[in-house]
Amino acid sequence: MLRLTGLPLQIIAVLAAVAVFAATMWLWPRFGGRSWRSWLGRIGAFLATQLAVLVAMGLIANGYFGFYSSWSDLLGSDGKPGTVVDHQPNAAVAVMGEQKVFSAQGSARERSGLIQQVDVNGKGSGLSSEAFVYLPPQYFQPEYARHAFPMALVLAGYPGSAEKLISLMQYPASTLRAIEEKKLPPTVLVLMRPTIAGNRDTECVDVPGGPQVETFFTSDLPKALAGTYRLADDPGSRAVIGNSTGGYCALKFALRRPDAYRSAISLSGYYTAPIDQTTGDLFGGDPRLKQENDLLWRLRNQPAAPVSLLLATSYDENNYQETQAMVGAFRAPTRLSTITLDTGGHNFHTWTREIPPALEWLGQHLTVPQEA
């Protein structure tokens, strides 16, 4: 079956749209006249052409933005039955698969690193989620055998997919390049969606009486990964990066939980959680809780957190003015930096331009441990 996000399906859809349009132009003279058959023929041809074009455009947009990663995701079904995997008792992280990362030097994991697909079980929140863990080549090199590594959690937007962080935004490849250029210390990436409670957009909030998403990311996840990988337990060695919704979550985790993450990077992120039909009631009608999740309010009214923040925007972005307000509101010991592009929108093309300088910035703010 053709993959929903695959190029072959997009090509077929485009060719089908072109064929339907050509057929419509060829048959249109036959639909002349005022009979009901002529009217139905014109209406049918018009609708078929519009539908074919919309389907093609929708598939291309979905392949680019990663709104739905599979047919079951699109249809809201559970897909095929799952595969039984046996785990160790009380295991917090289960490795489900591996894939290689390629660089100019070759494909060995000691040269390029390795991506592992894992399931993370959060004991405190009761939530679990799939993640992709990129282990840099140094993780497998003998001279680093006793070293603990810094970690960067990378979050997609909503509805987004973790796979697009690898294939389209190329975080592992960009990270490897930054490490090779000595701009970033060898760092473990954890790539995830911020949506771990079904398809609900929780905005990474601990919802009263609902999913405890902030607890999962700020408490459960670091503990689970530290029990599986050689990661440093210093919050200064942990960072979180995100685009759009993921950017909002990244900043919030650092500002609300500096004991979990001391550095945060937001690419086109916003600064307060929206409330709509995808989120539902995130705050249980509690205005205080809503206020505490407003990042600009936190900078202005809460004690300054000892964290480093990087905000990426452009003069064309909807968040540009709010980003300037954030810049004007922060106080020491919070450190805040920005990337402002001349042009750029809320899309992958813009974010891939911001990732290399963001990783270089991260290399200047992560605490680098020596030995485990």
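It should be emphasised that the depicted structure is a prediction, and the values quoted were computed from it without experimental measurement. Atoms considered below: every heavy atom in the structure, side chains included; atoms not considered: hydrogens, waters and symmetry mates.
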Report task. Answer whether the closest heavy-atom distance between the side chains of C249 and F217 falls below 4.5 Å. Result -> no

Query raised in the report: Aromatic ring centroids of Y134 and Y171 under 6.0 Å?
Result: no

Report task. With rounding to the nearest 0.5 Å, note down the distance linking CD in E203 to CZ in F283. Result -> 8.0 Å

**Report entry** Atom pair CE (M326) and CG (L309), whose distance is rounded to the nearest 0.5 Å
**Finding:** 6.5 Å

Query raised in the report: Heavy-atom distance under 4.5 Å between the side chains of I60 and V14, does that happen here?
Result: yes

Query raised in the report: Would V307 end up clustered with L359 when hydrophobic side chains under 4.5 Å apart are linked, directly or stepwise?
Result: no

Query raised in the report: T218 versus R256: any side-chain heavy-atom pair under 4.5 Å?
Result: no

Requested in this report: May I ask you to check whether over 12 heavy atoms, not counting those of W39, lie within 6.0 Å of atom CH2?
Outcome: no

Report summary line: In short, A250 meets G242 closest at the heavy-atom pair CB-N, 4.1 Å

**Report entry** Modelled atom types, side-chain donor and acceptor of E317 and S268, under 3.5 Å
**Finding:** yes

Report task. Please examine the side chains of F330 and R335, heavy atoms only from C-beta on, and report whether any two atoms are closer than 4.5 Å. Result -> no

Query raised in the report: Same cluster or not: are L295 and V205 linked, directly or through other Ile, Leu, Val, Met, Phe, Trp or Tyr residues, by side-chain heavy atoms under 4.5 angstrom apart?
Result: no

Query raised in the report: With a 4.5 Å limit on heavy-atom distance, are the side chains of L311 and T313 in contact?
Result: no

Requested in this report: Determine, using the 4.5 Å side-chain heavy-atom cutoff (strictly less than), whether I12 and L51 are members of one ILVMFWY cluster.
Outcome: yes

Query - Note, F216 side chain near M192 side chain (heavy atom, < 4.5 Å) - result: yes

Query raised in the report: Can a donor-acceptor pair be found between the side chains of D316 and S314 at a distance below 3.5 Å?
Result: no

Query raised in the report: Taking all non-hydrogen atoms of both residues, which atom of A224 and which atom of V120 are closest, and how far apart?
Result: CB-CG1, 3.9 Å

**Report entry** F21 CZ: over 12 foreign heavy atoms closer than 6.0 Å
**Finding:** no

Query raised in the report: Is there side-chain contact between P159 and N199, with at least one heavy-atom pair below 4.5 Å?
Result: no

Report task. Flag yes if F46 and L54 sit in one hydrophobic cluster, no otherwise; membership is Ile, Leu, Val, Met, Phe, Trp, Tyr, and two members link when side-chain heavy atoms are under 4.5 Å apart. Result -> no

Query raised in the report: How are the rings of Y270 and Y248 set to each other: parallel, tilted or perpendicular (split at 30° and 60°)?
Result: parallel

Report task. Examine the side chains of T340 and Y320 and answer whether a donor and an acceptor come within less than 3.5 Å of each other. Result -> no

Query raised in the report: In the single-linkage hydrophobic clustering (I, L, V, M, F, W, Y; side-chain heavy atoms under 4.5 Å), do L225 and L127 co-cluster?
Result: yes

Query raised in the report: Minimum heavy-atom separation for L296 to A325, with atom names?
Result: CD1-O, 3.6 Å

Query raised in the report: For N318, does the CG atom sit with more than 12 other heavy atoms under 6.0 Å from it, leaving out its own atoms?
Result: no

Report task. Look at atom CG of D281 and say whether more than 12 heavy atoms of other residues, nucleotides or ligands are closer to it than 6.0 Å. Result -> yes

Report summary line: Rounded to the nearest 0.5 Å, the OG1 atom of T323 sits from the CD1 atom of I339 at a distance of 11.5 Å

Query raised in the report: In Å and rounded to the nearest 0.5 Å, what is the CD to CZ distance from Q141 to R111?
Result: 10.5 Å

Query raised in the report: Is H147 close to R230 at the side-chain level, that is, under 4.5 Å between some pair of heavy atoms?
Result: no

Query raised in the report: Quick one: CE on M151 to OH on Y261, what's the gap to the nearest 0.5 Å?
Result: 4.0 Å

